[in-house]
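Positions are given from 1 along the sequence. Basis for what follows: all heavy atoms, side chains included, without hydrogens, waters or symmetry-related copies.
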Amino acid sequence: YQEFIRQNLQYPVEARKKRQQGTVELALEIKGDGSIGRIEVVNAADVYPLLQEEAIRLLSLYGEGFRGAVDMEGNPVTKWMYLPIHFKLG
């Protein structure tokens, strides 16, 4: 997923013009089959809204999914994964 993020991240034009940068901390609900359920921004009060929107858009497009979690008996379970998306101007 890291390569996917590097290749598909689009820095919002308005955020770039306003010199906004930061890290969007996402909470991803990973279903038992590895697909993404809900996506929530953990630090919404700390990051420019357009950066949050881009981070959510980006992970919504990630079609490869993640490795699904299983319980001790091998049954699929839903778990949360926390993922930072960094926006930094050069």
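- Closest non-hydrogen pair, K31 versus G37, comes out as CE-CA, 3.7 Å.
- Taking CG of D33 as the start and CZ of F66 as the end, the distance is 12.5 Å to the nearest 0.5 Å.
- Here the straight-line distance linking atom CD of E29 with atom OG1 of T78 works out to 5.5 Å at 0.5 Å rounding.
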**Request:** Determine, step by step, whether L61 and F4 satisfy the side-chain contact (heavy atoms from CB on, under 4.5 Å) criterion, reporting the C-alpha distance in whole Å, the side-chain angles of both residues, the deciding distance to 0.1 Å, and the verdict.
**Result:** CA-CA 10 Å; L61 294 175; F4 175 84; 3.9 Å; yes
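- Counting non-hydrogen atoms of neighbouring residues, nucleotides and ligands closer than 6.0 angstrom, the CZ atom of R6 exceeds 12 such neighbours.
- With salt bridges taken as basic N to acidic carboxylate O contacts below 4.0 Å, one links E40 and R38.
- Just one of V42, I56, L58, N43 meets the side-chain contact (heavy atoms from CB on, under 4.5 Å) condition when paired with L26; it is I56.
- Side-chain N or O atoms of E54 include one that pairs as donor or acceptor with a backbone N or O of Q10 at under 3.5 Å.
- Listed by chain and number, the residues in a side-chain hydrogen bond (donor to acceptor under 3.5 Å, both in side chains) with R19 amount to none (sequence neighbours excluded).
- Counting all heavy atoms, side chain and backbone alike, I39 lies closest to S60 at CD1-OG, 3.7 Å.
- Here the closest non-hydrogen pair linking A69 and K79 is CB-CG, 3.5 Å.
- A salt bridge is defined here as a Lys NZ or Arg NE, NH1 or NH2 lying under 4.0 Å from an Asp or Glu carboxylate O, and E14 with K17 fails to meet this definition.
- If you take CG on L59 and CZ on R57, they are separated by 10.0 Å, rounding to the nearest 0.5 Å.
- Residues G32 and P76 come closest through the heavy atom pair CA-CB, 3.7 Å.
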Please table the atom pairs, donor to acceptor, closer than 3.5 Å between any side-chain atom in residues 81-90 and protein atoms at least two apart or in another chain.
residue : atom : partner : partner atom : Å
H86     : ND1  : T23     : OG1          : 2.9

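- Contact check for L51 versus Y11: side-chain heavy atoms found under the 4.5 Å cut-off.
- Although no hydrogens or angles enter the test, the distance criterion places no donor-acceptor pair under 3.5 Å between the side chain of N75 and the main chain of D71.
- Residues L28 and L9 share a hydrophobic cluster, clusters being chains of Ile/Leu/Val/Met/Phe/Trp/Tyr side chains in contact below 4.5 Å.
- The two residues V24 and A55 make their nearest non-hydrogen contact at CG1-CB, 3.8 Å.
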